[in-house]
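In what follows, chains are A, B, ... by sequence order, proteins preceding strands, each numbered from 1. Note that the structure is predicted; figures quoted are calculated from it, not measured.
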Protein chains: 2
Amino acid sequence: MMINTLNFNEDYLGKLEQNICYNKILNMADTIDVLTGKWKIPIIICLSFKPKRFSEISRELKTITDRTLSKELKFLEENLLITRNIIDEYPLSIEYQITEHGLSLTKILMILREWGEIHRERILESHRSTKI
Amino acid sequence: MMINTLNFNEDYLGKLEQNICYNKILNMADTIDVLTGKWKIPIIICLSFKPKRFSEISRELKTITDRTLSKELKFLEENLLITRNIIDEYPLSIEYQITEHGLSLTKILMILREWGEIHRERILESHRSTKI
DNA sequence: CAGGATCCCACAGGATACTG
DNA sequence: CAGTATCCTGTGGGATCCTG
């Protein structure tokens, strides 16, 4: 997983530089991978406050389907961003908890938010000026 | 564009906090939007060195199709990350150039790369330990 | 050279129904 | 409660061919 097949031309910045550049891009893509899609960021944020159960997450995210939530939780667990803890056997109760590694995304999310704000400003500004 | 329809429950952190949180997530999603997909990051990096023409970009990215390159360049232009400059009419020659705004993504890309490196380490490490 | 048009497939994610 | 199974649609992106 996470290994995509992007191919830069071998002449790109010379072979050595190209390989370095190639790996850097792979690393960026890996990070994007973990944040992309409609629900990963909301789930991460939702769990960053405290551990929660399946139904709690589902309720807070409101429009997510069980199927999607189930898949995304599995994905995040495989990526070591959350853990799935069995709390009680009878009745079955399971808790999802963010890991340290998962929390380390917080910094990135803040930076994404900041840039997104600026970006939205620019776009709106440019739309205004073209309409005058 | 860029406005998705994510819906947090109204009770989420209380109504006020929820609205703030909701907007923050929209901003994050906007940034991700600009970086997601197979080719946006490579194109941005490719153009961050110097302005290039369609065929140059195509050659350097090697496996990208004309159709995809065309669409992505249009997307990046609409998002004010690059400009499309007509250099010569006869023969037609056009140059794509990254904007200041586009260059401001560099910082984010570095951070994504750093986290991606760490992430890959963790994943590999965990796979090693489960196989022992 | 700088793309547009068309066809095609894989995958994300919603709707709905069911299970231990 | 904590999911799984099935069906369905929209979109990303490759392949191929065509044009000013």
Side-chain angles (χ1 to χ4, degrees), chain A residues 1-8 25 29 32-44 46-47 51-79 82-97, chain B residues 1-8 25 29 32-44 46-47 51-79 82-97:
Chain A
M1 84 179 159
M2 292 189 314
I3 314 287
N4 73 45
T5 55
L6 201 57
N7 264 316
F8 268 89
I25 290 181
I32 292 293
D33 225 53
V34 149
L35 298 175
T36 209
K38 189 171 176 180
W39 294 108
K40 294 191 190 70
I41 292 182
I43 293 171
I44 289 168
C46 179
L47 288 178
K52 282 167 189 163
R53 299 165 63 178
F54 191 93
S55 50
E56 285 181 84
I57 305 172
S58 172
R59 218 174 307 121
E60 292 189 2
L61 299 191
K62 217 171 148 186
T63 58
I64 195 171
T65 63
D66 287 351
R67 175 182 176 280
T68 299
L69 179 54
S70 174
K71 285 182 67 174
E72 295 293 42
L73 288 172
K74 212 165 282 174
F75 173 88
L76 294 174
E77 194 191 357
E78 282 170 9
N79 278 273
I82 65 174
T83 56
R84 180 181 187 273
N85 312 319
I86 299 172
I87 301 298
D88 236 323
E89 304 277 351
Y90 310 100
L92 180 60
S93 105
I94 289 166
E95 195 176 78
Y96 292 92
Q97 182 172 16
Chain B
M1 85 179 159
M2 292 188 315
I3 313 288
N4 74 44
T5 56
L6 201 60
N7 265 317
F8 268 89
I25 289 181
I32 292 292
D33 225 53
V34 150
L35 297 174
T36 208
K38 190 172 175 180
W39 294 108
K40 293 190 190 72
I41 291 182
I43 293 171
I44 289 168
C46 179
L47 288 178
K52 281 167 190 164
R53 299 165 62 177
F54 191 92
S55 51
E56 284 181 83
I57 306 173
S58 172
R59 218 174 306 124
E60 291 189 3
L61 299 191
K62 216 170 149 187
T63 58
I64 195 170
T65 63
D66 288 351
R67 174 183 177 280
T68 300
L69 180 53
S70 174
K71 285 181 66 175
E72 294 294 40
L73 287 172
K74 211 164 284 175
F75 174 89
L76 295 175
E77 194 193 355
E78 282 170 10
N79 278 272
I82 64 174
T83 56
R84 182 181 187 271
N85 311 320
I86 299 174
I87 301 298
D88 235 322
E89 304 277 353
Y90 308 101
L92 182 60
S93 106
I94 290 166
E95 196 176 77
Y96 292 92
Q97 181 172 14

Chemist: Does a nitrogen or oxygen in the side chain of A:Ser93 sit under 4.0 Å from OP1 or OP2 of D:dC1?
Modeler: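 So the side-chain polar atoms of A:Ser93 never come under 4.0 Å of the phosphate oxygens OP1 or OP2 of D:dC1.
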Chemist: Over how many whole Å does the gap from B:Leu69 atom CG to D:dG14 atom P extend?
Modeler: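 Rounded to whole Å, this separation is 11 Å.
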Chemist: Which nucleotide in the list C:dG14, D:dT4, D:dC1 gets nearest to the side chain of A:Thr68?
Modeler: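 Nearest to the side-chain atoms of A:Thr68, counting from C-beta on, is C:dG14.
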Chemist: Which pair of heavy atoms, one from A:Glu77 and one from A:Arg84, lies closest together, and at what distance?
Modeler: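 Result for this residue pair: OE2-CB, 3.7 Å.
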Chemist: To the nearest angstrom, how far is B:Leu76 atom CG from C:dG3 atom P?
Modeler: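 Atom CG in B:Leu76 sits about 13 Å away from atom P in C:dG3.
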Chemist: Using whole Å, report how far CH2 of B:Trp39 lies from P of D:dG14.
Modeler: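 So the CH2-P distance, B:Trp39 to D:dG14, works out to 6 Å.
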Chemist: What contact category does B:Tyr90 fall into here, base, sugar-phosphate, or nothing, at under 4.0 angstrom with non-hydrogen atoms?
Modeler: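 No contact.
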Chemist: What does the inter-axis angle of the helix from C:dC1-D:dG20 to C:dG20-D:dC1 come out as, five pairs per end, nearest 10 degrees?
Modeler: 40°
Chemist: B:Ile87 CD1 to C:dA2 C1': how many Å, rounded?
Modeler: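 Answer to the nearest Å: 14 Å.
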Chemist: Mind calculating the distance between NZ (B:Lys38) and C1' (C:dA10) to the nearest angstrom?
Modeler: 12 Å
Chemist: Using a cut-off of strictly less than 4.0 Å, decide whether A:Lys74 has a side-chain nitrogen or oxygen near OP1 or OP2 of D:dT4.
Modeler: yes
Chemist: Any chance you could measure A:Ile32, atom CD1, to A:Ile25, atom CD1, to the nearest 0.5 Å?
Modeler: 12.0 Å
Chemist: Mind checking A:Glu72 for me? I need base, sugar-phosphate or nothing, with any heavy atom below 4.0 Å counting as a touch.
Modeler: sugar-phosphate
Chemist: Measure the distance from NZ on B:Lys71 to P on C:dT6 and round it to the nearest whole Å.
Modeler: 14 Å
Chemist: For A:Asp66 and for A:Leu92, locate the closest nucleotide of DNA chain C by heavy-atom distance; then report the residue assigned to the nucleotide nearer the 5' terminus.
Modeler: A:Asp66
Chemist: Base, sugar-phosphate or nothing for A:Lys40? Non-hydrogen atoms, less than 4.0 Å.
Modeler: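 If one applies the 4.0 Å heavy-atom cut-off, A:Lys40 turns out to touch nothing in the nucleic acid.
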Chemist: Are the side chain of B:Lys74 and the backbone N or O of B:Ser70 linked by a donor-acceptor pair below 3.5 Å?
Modeler: no
Chemist: Rounded to whole Å, how long is the line connecting atom CZ of B:Phe75 with atom C1' of D:dG12?
Modeler: 12 Å
Chemist: So does A:Arg67 get a backbone contact from the side chain of A:Lys71, meaning a donor-acceptor N/O pair under 3.5 Å?
Modeler: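 No, because the side chain of A:Lys71 does not come within donor-acceptor range (under 3.5 Å) of the backbone of A:Arg67.
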Chemist: Would you kindly compare B:Thr65 and A:Phe54 by the position of their nearest DNA chain D nucleotide and give the one closer to the 5′ end?
Modeler: A:Phe54
Chemist: Are the side chains of A:Leu76 and A:Tyr96 in contact, using a 4.5 Å heavy-atom criterion?
Modeler: no
Chemist: Starting from the 5' end of DNA chain D, give me the residue, A:Glu95 or A:Arg67, whose nearest nucleotide shows up first.
Modeler: A:Glu95
Chemist: Take atom CD1 of B:Ile57 and atom P of C:dC1, then tell me their distance rounded to the nearest Å.
Modeler: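 About 13 Å, once rounded to whole Å.
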Chemist: Which pair of heavy atoms, one from A:Ile57 and one from A:Lys52, lies closest together, and at what distance?
Modeler: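 Taking every non-hydrogen atom into account, CG1-CB, 3.9 Å.
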Chemist: Nearest 0.5 Å, please: how far is CG in A:Leu69 from CZ in A:Phe54?
Modeler: 4.0 Å
Chemist: Looking only at the side chain of A:Arg84 (C-beta and beyond, no hydrogens), which of the listed nucleotides C:dA2, D:dG14, D:dA2 gets closest?
Modeler: D:dA2
Chemist: Which pair of heavy atoms, one from B:Cys46 and one from B:Glu60, lies closest together, and at what distance?
Modeler: SG-OE1, 3.2 Å
